[in-house]
Amino acid sequence: MRNSKEYAERLLADIKREKREVSLMEVCGTHTVAIARSGLRSLVPPNLKLLSGPGCPVCVTAQSDIDAVIELARRPGVILVTFGDMMRVPGSESSLQEEKARGADVRVVYSPSDALEIARQNPERETVFLGIGFETTAPAVALTIEQAAASGLANFSVWSLHKLVGPALDAVFSDESVKVDGLICPGHVSAVTGVKPYEPVVSRYHKPCVITGFETLDILEGIWLLLRQLNQGVAEIEIQYRRIVRPEGNPLAQAAIERVFTATDASWRGLGIIPASGLAIREEYGAWDAQRRFDIPEGKERIIKGCRCGDVLRGVITPYECPLFGQACTPVKPVGPCMVSQEGACAAYYRYGRSHRL
Amino acid sequence: MRNSKEYAERLLADIKREKREVSLMEVCGTHTVAIARSGLRSLVPPNLKLLSGPGCPVCVTAQSDIDAVIELARRPGVILVTFGDMMRVPGSESSLQEEKARGADVRVVYSPSDALEIARQNPERETVFLGIGFETTAPAVALTIEQAAASGLANFSVWSLHKLVGPALDAVFSDESVKVDGLICPGHVSAVTGVKPYEPVVSRYHKPCVITGFETLDILEGIWLLLRQLNQGVAEIEIQYRRIVRPEGNPLAQAAIERVFTATDASWRGLGIIPASGLAIREEYGAWDAQRRFDIPEGKERIIKGCRCGDVLRGVITPYECPLFGQACTPVKPVGPCMVSQEGACAAYYRYGRSHRL
Amino acid sequence: MCLGVPGRVEEILENDRARVDVSGNSLEISIRLTPEVKVGQYVLIHAGFAMQIVDEAWAKETLGLLEELRQYAQL
Amino acid sequence: MCLGVPGRVEEILENDRARVDVSGNSLEISIRLTPEVKVGQYVLIHAGFAMQIVDEAWAKETLGLLEELRQYAQL
Amino acid sequence: MRTRKILLGHGSGGRMTQELVNSVFKKTWANPYLDQMLDGAILEVGSQRIAMTTDSFVITPLFFPGGDIGKLSVYGTVNDLVACGARPLYVSAGLIIEEGFGVEELEKIAASMSKAALEAGVQLVTGDTKVVEKGKADGIFINTTGIGIIRTEVDYRPDRIKPGDAVIVTGKVGEHGLAVLAQREGLSFSTPVTSDCQPLHRVGELLARYGQEVRCMRDPTRGGVATVLNELAQQSGTGFIVREEDIPLDPVVQGACEMLGLDALYLANEGKMVVVVAKDAAQAIVEDLRQLPESRDSAVIGYVKDEVPGLVLLETELGAHRILNMLESDQLPRIC
Amino acid sequence: MRTRKILLGHGSGGRMTQELVNSVFKKTWANPYLDQMLDGAILEVGSQRIAMTTDSFVITPLFFPGGDIGKLSVYGTVNDLVACGARPLYVSAGLIIEEGFGVEELEKIAASMSKAALEAGVQLVTGDTKVVEKGKADGIFINTTGIGIIRTEVDYRPDRIKPGDAVIVTGKVGEHGLAVLAQREGLSFSTPVTSDCQPLHRVGELLARYGQEVRCMRDPTRGGVATVLNELAQQSGTGFIVREEDIPLDPVVQGACEMLGLDALYLANEGKMVVVVAKDAAQAIVEDLRQLPESRDSAVIGYVKDEVPGLVLLETELGAHRILNMLESDQLPRIC
Ligand code: SF4
Ligand code: SF4
Ligand SMILES: [Mg+2]
Ligand SMILES: [Mg+2]
Ligand SMILES: [Mg+2]
Ligand SMILES: [Mg+2]
Ligand SMILES: [Mg+2]
Ligand SMILES: [Mg+2]
Ligand SMILES: [Mg+2]
Ligand SMILES: [Mg+2]
Ligand SMILES: [Mg+2]
Ligand SMILES: [Mg+2]
């Protein structure tokens, strides 16, 4: 696509004309990965910083929550079903991957529907789906729970660790030490939520927001639009990713979340407990709520020595500035959660950005 | 042992002086094997026939009983524990070995105590021990059931296919077509029963009985003693195996059988149903009786085309005279049960006696 | 945060499900969140669910900001 | 019908069990059916249970019938 | 202290595998052959130099679009011999079969191995069959070990790689890995992509004609092209620059990878070779390779650069350079 | 119709194994090497004649009295090379490891293989490691494949066996099989018997000095001495007479066999050789063998007899002759 390459180069040339110190934060881990994979960070001028935010659902999952899920996976008769993302996330002593090696029945699926199928095929056992993700994933899980309820599937339940984007942004921007000038907003979350979660960012913190897609061109456009707002001295919510995102989002998806879940306080790795930032399963679906069905003692949050995930997640430091990065902490033996997920900032920097020697 | 060899030769020389047609039956499969292994059959004169009787517990187990046990082994959660002897016995369509290959949990042990141990180690599953054997084995199984009862082991039970030696002998001798002049009586069964089961043989059928051990020398002595009785025109019960067998047997073992089992009609492969020839678990131990605990439909006895096990078991023919022997029927693909057990007459003849060319 | 790929709806199936084509691969997904979708339209797929119908007009406009960019560059 | 081997009782254990030696192999068996057995005696073992105590007098007399045989042979 | 356990990632062919092999085997088995850094060993047997290589095949499912475990096990070993610079001759087969496995399936696999041997010009000369209890294997595992004569005109040790050399890949990447992945439980998509499972003995012959102009080659199986390039970079002490847009990649494979969050450069190939050649010969070699059906999509994908020793850099569409690491551990389908 | 399934007996090394190999592999893999009827294949590689043999090791438990799977896997292949008349040189190792296996155990096994290779004078030159999911293997399986130079002075094809030749076994039989059996679940006896697991390369050297006077040899592993004798009888078209009382047998092994209803002649050995030699050389060879610790209990156990082609007859204590068959299928402990 010669045209698009030419266009990208023009966008980039234009972006390079920015001479002030500007810090933009990509909230979404998928953006982090896309930026790292494309090598964009090495192409923008050094005064333009691309920081990574708390938008990797794996990274923000609390270690105590992982411990509880591991405890659950160890129960005889339980099949724990999860997205591949969660397999290597370290709890305080183990991970789902290690539990599997020890004999737990842990299975990876692409869709929560597949977990339903597993439950149907193993009627004598308990299938528990580990629900993670932000507003993009929560509707899919909500519909799955409704389907289990509709078909009276008694041996299926969901352990919900779903989180909400809005409160996380608030936690970032309310922190004085965080210096972010504009927000590259997550395209797919916004497909569900629309512009709503970003309204406080523009109204309270006066930071420009651009809902951006995931192609290199999308991201370049997103950055370009943010710089334009900054230069024009405005702070608005713009949608770059118009082929997917409508201002109102997807009302059906929002309604599905609303029917099955209710907001609850949640523990975020590195950020602590954020009020009304998680999704718990409503009472009426209690029969499919693994946290109600299984009596799992609450885990304790342990501080991981030296890990600066919290600072990475709020954009206070880049992964390079963590003393463990690349040494004690690598994707094979992650110390902190940001090194685990493919889209964790530390993992993305490790995989795609370790060297600038060329 | 030069002495014993010399002695054996002297016994043999003496046995060879017998010129009349004499047929002796070894009731016990262990004798069948010992005779075949030692090559004794080729050393005695041709007028002295050593016939094999119905004394292999594997061979006489009815195909319908095997089918029922296979049905049981297929039930989810069941661990079927058995002696190695039973693994290859063909039911109408399968064997325990094949069921294991299809996924059933079938385990081989040396002692019924080991089955108890398996039950203890698998509390969430049902361990069923397949009880086979004559009076030698029944006391061990009886004590095992009592032990399960004493320790309140609720997930253990026994599927009893135990049989009694006396009724089988009666079935053989009451058949006019059976020509047997004397009985080599089973040494180890007699260790439990004493001389009692053979009393009808001497009193009603006037056939000499010698309770015999399993060494080559024992068997030679047994034959020698039988020939002596025949020559002297008497029919008595003699004990050659005096180091093990007392005339009264082992009263404790008899009592154990009595406490746990009660005589019942049983189906014998090749011989049909013989009244009061099997051992069922008494009502009071019903909780440990697999036939009471599991609802397994009764199998149907199918006639195996061409198999002459029935005639082999009664000594009417030798295995060589069965048209299937060694061709369609071999230990790897047994057609009839006599080819299955190591001590089945057909298997013993196949393994040790196929050729007389030397 | 959330991987998503566009897929073309090939067939509407029972139970609010549809068969979609993703660059030549075939996948069965739920369209319960985009019930109005028609065969031939593209949807954004995440974890086996259609999350949104792709707006063709915008999708075709690959070089979306080009004109604005020109204007802005002139500033 | 029933395999059996003689084993020498080496140690009486709890619960009517004993450790026996079978030609140099060691085995734990039940002696509930031969409770009077003493260390040093031989028992006949079948399926992990002692079925009978071996009568040493007869066991030693390996050439049991020799005398009778002589007499009989003379007949 | 927790005892260390073997994880699936230790068998991924990536960095975890490398670390396990280094820590467990290299130190205890130390001998010059293990340090040759080839897909097999080059041995002196009397007057003859031969190559020997071994691989076990543990694939699920056993029959997959484009192949089966039998074919795979023969070609896999043939291709490793080719990568060593040998003419493949003889293959042994060690089968471990799970109790209850179908005899009919076994016959199919045996026939497939036989056909594969014929096509690759090797003979299956000796074998072994073991059966393990139900639940203690996964249908069937096959080990093949191959030997071949080393071609005297070539030397494919990685230290022969020179700055400026060109890097060729002999076809589209990731097809085997994707075809097999699409069969996994829990991944309910279907793809027209089939395994590229094919023997490369003729590719080996073709490349041998270029003698020393061909520096080194490696078949990018487990861990994919990215892992093989990293191995070569480490072993040669040179670096590689690979242009993303020049890597032959079927858009169907690419689409599936985007859907599942995978990277095609880490997916296994079973009928491809990564070849480092002298710069001046590169174009002729690629054109030659394109005449063979098994390498018709050959392309130069990059070059050797001394300045980044041990590293593989991927040049993105925008001209940026980013590190292309080894596979760390298994790729799992993911949603974020 | 029921589909045929693989049973454990198909891996017993006895008649079921033979039938499976004949029906599934021999017909499809037909080539002259498979018909050499040796424990491996004798191959031409350029100007050199080499032997190649393969075996997979799937033993439970992995560590047993007298050895472990690592040692076993090296010696097993070394001994097969010896049986082919080769000087063992190089061994490859293919490991299939179950997820969750202890790294420490793996290290022990690797070290044991290394030590075994040193003792047997071979080198572990190439390897492969695969990891399969928990529950899809049994700890670890090891395939070893070995190559060696064929000694020009010998020729151990079974058709060289002649009437009157003597049959030697190089030590007591059944020890490995019994030592491993004693570790089985459900068999709660203990035995002082340890595996005879040992390399026979020096036995091979010793026997090579007798040139063509040594006709043939075979290591009686799975299926035991009885099965190997039957194989040789079938392959040579001659018969064997073996004297029961001349077979070296530890009374402890015999006692355990009587207890469990097994036959020691069918139990596996992992450090013994059955050797057929010219009658006149037999005594000298046995005396020579007895000088080596690994064959100190060597004995002539029988002779070759043309009149019973294809059969093995056992001469009992009483002078009777009975057929000694192949192992039909696995021996299982039994009570009747
Ligand atoms: S490099 Fe590792 S330890 Fe450091 S912040 Fe990232 S995840 Fe935490
Ligand atoms: S040879 Fe087979 S078919 Fe014939 S009687 Fe014996 S077991 Fe039955
Ligand atoms: Mg290899
Ligand atoms: Mg390979
Ligand atoms: Mg073998
Ligand atoms: Mg399986
Ligand atoms: Mg390779
Ligand atoms: Mg071999
Ligand atoms: Mg071997
Ligand atoms: Mg390999
Ligand atoms: Mg296991
Ligand atoms: Mg061998």
Side-chain angles (χ1 to χ4, degrees), chain E residues 3-8 10-11 17 20-21 24-25 28-29 31 33-34 40-41 43 45-48 50 52-56 58 89-90 92-94 96-97 99-104 106-107 110-111 114 123-133 135-138 141 143 145 147 149, chain F residues 3-8 10-11 17 20-21 24-25 28-29 31 33-34 40-41 43 45-48 50 52-56 58 89-90 92-94 96-97 99-104 106-107 110-111 114 123-133 135-138 141 143 145 147 149:
Chain E
T3 47
R4 282 177 305 148
K5 301 272 177 208
I6 295 293
L7 303 178
L8 280 181
H10 285 116
T17 305
L20 182 75
V21 168
V24 175
F25 300 106
T28 43
W29 292 11
N31 69 46
Y33 304 101
L34 283 174
L43 309 169
V45 181
S47 53
Q48 196 69 49
I50 69 168
M52 180 180 198
T53 185
T54 193
D55 259 310
S56 301
V58 297
L89 288 178
Y90 304 112
S92 70
I96 299 174
I97 311 176
E99 183 186 15
F101 192 66
V103 173
E104 223 172 276
L106 184 63
E107 282 167 346
S114 171
Q123 312 227 43
L124 289 161
V125 292
T126 187
D128 176 55
T129 308
K130 293 287 177 345
V131 179
V132 298
E133 279 187 272
K136 306 222 154 157
D138 195 19
F141 301 145
N143 174 282
T145 303
I147 57 181
I149 292 193
Chain F
T3 47
R4 282 178 304 148
K5 300 273 177 208
I6 294 293
L7 304 178
L8 280 180
H10 285 115
T17 306
L20 183 74
V21 168
V24 176
F25 300 106
T28 42
W29 291 12
N31 69 45
Y33 304 101
L34 283 175
L43 310 169
V45 181
S47 54
Q48 197 67 50
I50 69 168
M52 180 181 199
T53 186
T54 193
D55 258 309
S56 301
V58 296
L89 289 178
Y90 304 111
S92 69
I96 299 174
I97 310 177
E99 184 186 16
F101 192 66
V103 173
E104 225 172 275
L106 184 63
E107 282 167 346
S114 171
Q123 311 226 45
L124 288 161
V125 292
T126 188
D128 176 55
T129 306
K130 293 290 178 340
V131 179
V132 297
E133 279 188 272
K136 305 223 155 156
D138 195 19
F141 301 144
N143 175 281
T145 302
I147 58 181
I149 291 193

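In what follows, chains carry the letters A, B, and so on, assigned in the order in which the sequence lines appear, proteins first and then strands, with residues in each chain numbered from 1.
Interface remark: of the candidates Val21(E), Val132(E), Thr17(E), Val132(E) forms the most heavy-atom pairs closer than 4.5 Å to chain F. Of the listed residues Ser92(E), Ala93(E), Ala111(E), Gly102(E), the one with more heavy-atom pairs under 4.5 angstrom with chain F than any other is Ser92(E). For chain E, the option among Val125(F), Leu20(F), Val24(F) with the highest count of heavy-atom pairs below 4.5 Å is Val125(F). Per-residue counts of heavy-atom pairs under 4.5 Å with chain E were compared for Glu107(F), Met52(F), Glu133(F); the largest is that of Met52(F). Across Ile147(E), Val131(E), Ile6(E), the residue that shares the most heavy-atom pairs under 4.5 angstrom with chain F is Ile6(E). Ranked by heavy-atom pairs under 4.5 Å with chain F, the list Leu8(E), Thr145(E), Val58(E) is led by Leu8(E).
Of all heavy-atom pairs spanning Ser114(E) and Trp29(F), the tightest one is CB-CD1, 3.7 Å.
Between the side chain of Asn31(E) and the backbone N or O of Leu124(F), at least one donor-acceptor pair lies under 3.5 Å. Judged by distance alone, the side chain of Lys130(E) and the main-chain N or O of Ser56(F) form a donor-acceptor pair under 3.5 Å.
Rounding to the nearest 0.5 Å places OH of Tyr33(E) at 12.5 Å from OG1 of Thr126(F). Residue Lys136(F) holds its NZ atom at 8.5 Å from CZ of Phe141(E), rounded to the nearest 0.5 Å. If you take CG on Leu7(F) and CD1 on Ile97(E), they are separated by 11.0 Å, rounding to the nearest 0.5 Å.
Interface remark: Leu89(F) contributes side-chain atoms only to the contact with chain E (heavy atom separation under 4.5 Å). In this structure, the portion of Ile96(F) lying under 4.5 Å from any heavy atom of chain E is its side chain and not its backbone. In this structure, chain F has a heavy atom under 4.5 Å from the side chain of Ile50(E), while its backbone stays farther away.
A side-chain donor from one of Asn143(F) and Thr54(F) sits under 3.5 Å from a side-chain acceptor of the other.
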